[in-house]
Amino acid sequence: MTEGAETHQTLQPNRADAARTSSLRAVETDSGPAETASCESVEPDHQEEESSTFPEVQHHSPAGPKDSGHVAPEGGWGWVVVAATVLVLAMTLAFPSCIGIFYTDLQNDFQASNTETSWVPAIMMAVLHAGGPICSVLVERYGCRATIIIGGILSGLGMAASSFAQTMVELYITAGIITGMGFSLSFQPSITMMGHYFVRRRAFANALSSTGTALGLSTLPLLANYLLSCFGWRGSFLVLGGVLLNCCVCGAVMRPLGAKPKTEARTGAIDNHHLKSNCLSVHQEREGLKGRLRATLSTVMPFLRRHMAFDLLCNNPYFCAYALGVSWMMLGFVVPLVYLVPYATAYGMEQDRAALLMAILGLINIIVRPATALVFGLPRFRGSHCFAYLFATAVLINGLSNCICGMGTSFSVLLAYVIVFGFSMSLVGSLLFTVLMDTVEMSRFPSALGLISIMESIMLLLGPPLAGILVDTTRQYAYVFFACCITVSTAGLFIMLSFYWLDRKKDREDKSSSTHKDTNTLKPSIKMTIDCDYSPVPLHSKNDRETDV
């Protein structure tokens with residue numbers, strides 16, 4: 001009995017080894033399906049890992065305030081976030097406009113033309129918007145708070161380094177690329193964080209935060225003019241670099257809504273990622289160049305979809321029309337902010353009065369934007385679909401107002417221009433992000449904003465240099481404002497007509513689907529009535545059948 005048991009125990013490992021050998025042979029002979037199955041089993045885990053590594057904030061859809069179990073506070077610490085966003089926008093979006101104060105000094109110091117000098121604010125604004133995908137990656141990896149702090153450090157160091165520039169190329173790198181990238185990393189996460197704190201009051205919060213741009217427009221030109229008179233443009237850039245470091249303080253108060261993913265979940269996701277990468281490497285070895293291209297596309301396309309939202313251009317016609325219209329608008333929207341002061345001083349106006357015009361422009365924005373925030377925060381505007389049409393109308397008025405500036409150079413004419421331009425600019429700034437949030441889901445807002453920023457950056461990069469070329473060839477600043485009138489007003493008309501056509505098309509589709517649904521619901525009742533009322537009629541009467549028998 002003992003010998004039999006020992007014999008049975010010794011046979012078990014041999015059988016196990018045989019089983020292992022047979023399984024290995026099976027894998028070797030048919031490795032393709034096994035590899036495919038293992039990779040397919042890893043794919044859901046990898047998707048879970050992607051969803052779990054999103055930033056601390058939880059996304060909210062426009063349909064309601066809840067998403068992923070978190071509710072938007074609609075107040076509380078959200079108002080601190082709004083105040084921090086106001087300061088960030090004042091130090092980022094409005095900053096390129098104050099470069100016009102140093103425009104003449106930069107030309108004289110570097111012996112540069114209008115075209116060469118205009119590249120400084122153009123590169124700054126272009127990088128500010130083009131950094132959207134990089135900003136989205138950093139937000140996903142480190143969160144909004146850390147990204148804003150990094151942006152504040154970059155922008156401060158960039159402006160401080162630009163004070164030591166000896167050539168225009170060095171100024172392009174320091175003040176244009178480095179400072180612009182810092183602005184991008186501070187500006188976009190602030191807007192995203194505020195969108196997560198508010199859903200029902202989102203229009204009010206966006207309009208209120210847009211007063212930051214007005215605050216910067218009214219204070220930065222005066223501050224830059226004062227610093228220029230005291231320290232020159234180099235000392236002014238150094239001081240402004242220290243001012244931009246305050247973005248780090250604003251980022252520190254951006255408290256995230258949700259908690260970070262657990263370490264255990266991340267560890268498991270990393271293991272799944274390594275397993276999937278091993279499977280991809282096996283496929284690449286077996287399929288060669290075709291497999292490598294397929295693997296590269298499989299990683300690039302999710303990245304583009306997450307951070308740049310190219311799929312929305314094909315799947316969401318409203319977003320496509322809005323993105324095209326806003327991008328075309330940016331070709332001439334910010335050019336007057338750069339050329340207003342040089343235009344006024346070129347025709348004999350004093351530097352202080354020209355800077356006063358920019359301050360009045362900012363003051364109008366400070367007055368109008370909170371008023372629009374209160375109006376758009378009323379209950380009758382909540383959930384309204386008229387924001388896109390209001391935005392398009394404001395863009396149209398803003399474009400047409402540039403004709404006023406081209407008609408004269410006196411202080412009274414330019415003051416009238418500043419009033420109309422500032423009022424329409426306030427409406428555009430108040431509704432710019434609100435319309436985008438209503439057009440796409442909040443979960444896609446960072447990627448949609450990144451894509452629009454990329455498209456805007458191309459136009460912002462071309463706008464001021466093209467205006468500089470126009471000035472250098474014609475020696476007339478008025479043509480710049482007439483060109484801005486054409487580009488901005490046509491963009492407003494395009495957005496208005498596109499949204500109107502899409503709304504009409506959607507209404508027709510809804511009516512046709514509702515009528516089709518009604519006919520489908522009526523068909524069974526008609527059939528039941530026919531079945532119940534129908535009775536066969538005999539071909540012969542009873543007496544006829546008896547007679548035949």
Side-chain angles (χ1 to χ4, degrees), residues 95-128 155-183 220-241 243-244 331-332 334-355 357-358 405 409 457 460-481 483-484:
F95 191 87
S97 62
C98 76
I99 299 297
I101 302 296
F102 310 101
Y103 201 87
T104 305
D105 292 85
L106 293 177
Q107 280 184 311
N108 296 332
D109 197 352
F110 292 103
Q111 298 298 316
S113 62
N114 286 282
T115 305
E116 294 174 341
T117 310
S118 63
W119 279 107
V120 178
I123 295 174
M124 183 183 294
M125 289 184 291
V127 176
L128 189 157
S155 59
L157 291 178
M159 284 304 298
S162 64
S163 63
F164 301 98
Q166 300 298 323
T167 61
M168 291 297 296
V169 176
E170 294 178 2
L171 204 61
Y172 296 157
I173 297 173
T174 55
I177 297 176
I178 299 177
T179 305
M181 180 56 66
F183 288 163
L220 286 179
L222 297 178
L223 176 62
N225 188 51
Y226 172 76
L227 293 176
L228 181 63
S229 60
C230 294
F231 307 106
W233 72 267
R234 294 185 183 274
S236 301
F237 279 18
L238 187 61
V239 175
L240 290 175
V243 173
L244 293 176
L331 183 62
V334 298
V335 170
L337 301 178
V338 177
Y339 281 91
L340 179 59
V341 174
Y343 175 51
T345 55
Y347 289 94
M349 187 178 293
E350 297 179 357
Q351 181 82 12
D352 295 337
R353 301 194 74 185
L357 288 174
M358 295 296 296
C405 187
T409 58
S457 65
L460 290 172
L461 183 64
L462 296 176
L466 289 177
I469 294 174
L470 189 62
V471 173
D472 290 335
T473 54
T474 62
R475 301 297 177 182
Q476 294 289 331
Y477 281 95
Y479 293 117
V480 172
F481 294 93
C484 293

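- For Asp352, the side-chain hydrogen bond (donor to acceptor under 3.5 Å, both in side chains) partners are Asn225, not counting sequence neighbours.
- Within the 4.5 Å cutoff, the side chain of Ile177 has heavy atoms near those of the Ile123 side chain.
- Under the rule for a side-chain hydrogen bond (donor to acceptor under 3.5 Å, both in side chains), the partners of Tyr347 that lie at least two apart in sequence or sit in another chain are Gln476.
- Met125 pairs in a side chain to side chain contact (heavy atoms under 4.5 Å, CB included) with only one of the listed residues (Leu337, Ile99, Val120, Val334), which is Val334.
- Side-chain contact between Tyr343 and Pro336 is absent, with no heavy atoms from C-beta onward closer than 4.5 Å.
- By the neighbour-count criterion of 12 heavy atoms within 6.0 Å, atom CD of Glu350 is sparsely surrounded, having that number or fewer from other residues, nucleotides or ligands.
- The ring-ring contact (aromatic ring centres under 6.0 Å, His included) test applied to Tyr477 returns no partner, not counting sequence neighbours.
- Side-chain atoms of Thr179 come within 3.5 Å of backbone atoms of Thr174 as a donor-acceptor pair (strictly under, hydrogens ignored).
- Within the 4.5 Å cutoff, side-chain heavy atoms of Leu331 are placed close to those of Leu462.
- Residues Phe183 and Leu244 meet the side-chain proximity criterion, which asks for heavy atoms closer than 4.5 Å.
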Got a list of side-chain donor-acceptor pairs under 3.5 Å for residues 157-166, not counting sequence neighbours?
| residue | atom | partner | partner atom | Å |
| --- | --- | --- | --- | --- |
| Ser162 | OG | Met159 | O | 2.6 |
| Ser163 | OG | Ala160 | O | 2.5 |
| Gln166 | NE2 | Phe164 | O | 3.4 |

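- Around OH of Tyr479, the count of heavy atoms belonging to other residues, nucleotides or ligands within 6.0 Å does not exceed 12.
- Remark: Cys98 engages Phe95, Leu220, Ala224 in a side-chain contact (heavy atoms from CB on, under 4.5 Å) (not counting sequence neighbours).
- Partners of Thr345 according to the side-chain hydrogen bond (donor to acceptor under 3.5 Å, both in side chains) rule, which considers only residues two or more places apart in sequence or in another chain, do not exist here.
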Can you give me every donor-acceptor pair (side chain of residues 464-473, partner residue at least two apart or in another chain, under 3.5 Å) with its distance?
| residue | atom | partner | partner atom | Å |
| --- | --- | --- | --- | --- |
| Asp472 | OD1 | Asn114 | ND2 | 3.0 |
| Asp472 | OD2 | Thr115 | N | 3.3 |
| Asp472 | OD2 | Thr115 | OG1 | 2.7 |
| Thr473 | OG1 | Ile469 | O | 2.9 |
| Thr473 | OG1 | Leu470 | O | 3.1 |

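- With sequence neighbours excluded, no residue forms a side-chain hydrogen bond (donor to acceptor under 3.5 Å, both in side chains) with Trp119.
- For the pair Asn108 (side chain) and Thr104 (backbone), a donor-acceptor distance under 3.5 Å is present.
- When side chains are defined from C-beta on, Leu128 does not count as touching Leu460, because their heavy atoms never get closer than 4.5 Å.
- Residues that satisfy the side-chain contact (heavy atoms from CB on, under 4.5 Å) test with Pro221, not counting sequence neighbours, are Ile101, Met358.
- Put simply, the side chain of Ser236 does not reach to within 4.5 Å of the side chain of Tyr226, judged on heavy atoms.
- Residues that satisfy the ring-ring contact (aromatic ring centres under 6.0 Å, His included) test with Phe237, not counting sequence neighbours, are Phe102, Trp233.
- With values rounded to the nearest 0.5 angstrom, Leu106 atom CG is found 9.0 Å from Arg234 atom CZ.
- Applying the ring-ring contact (aromatic ring centres under 6.0 Å, His included) criterion to Phe231, with sequence neighbours excluded, gives no partner residue.
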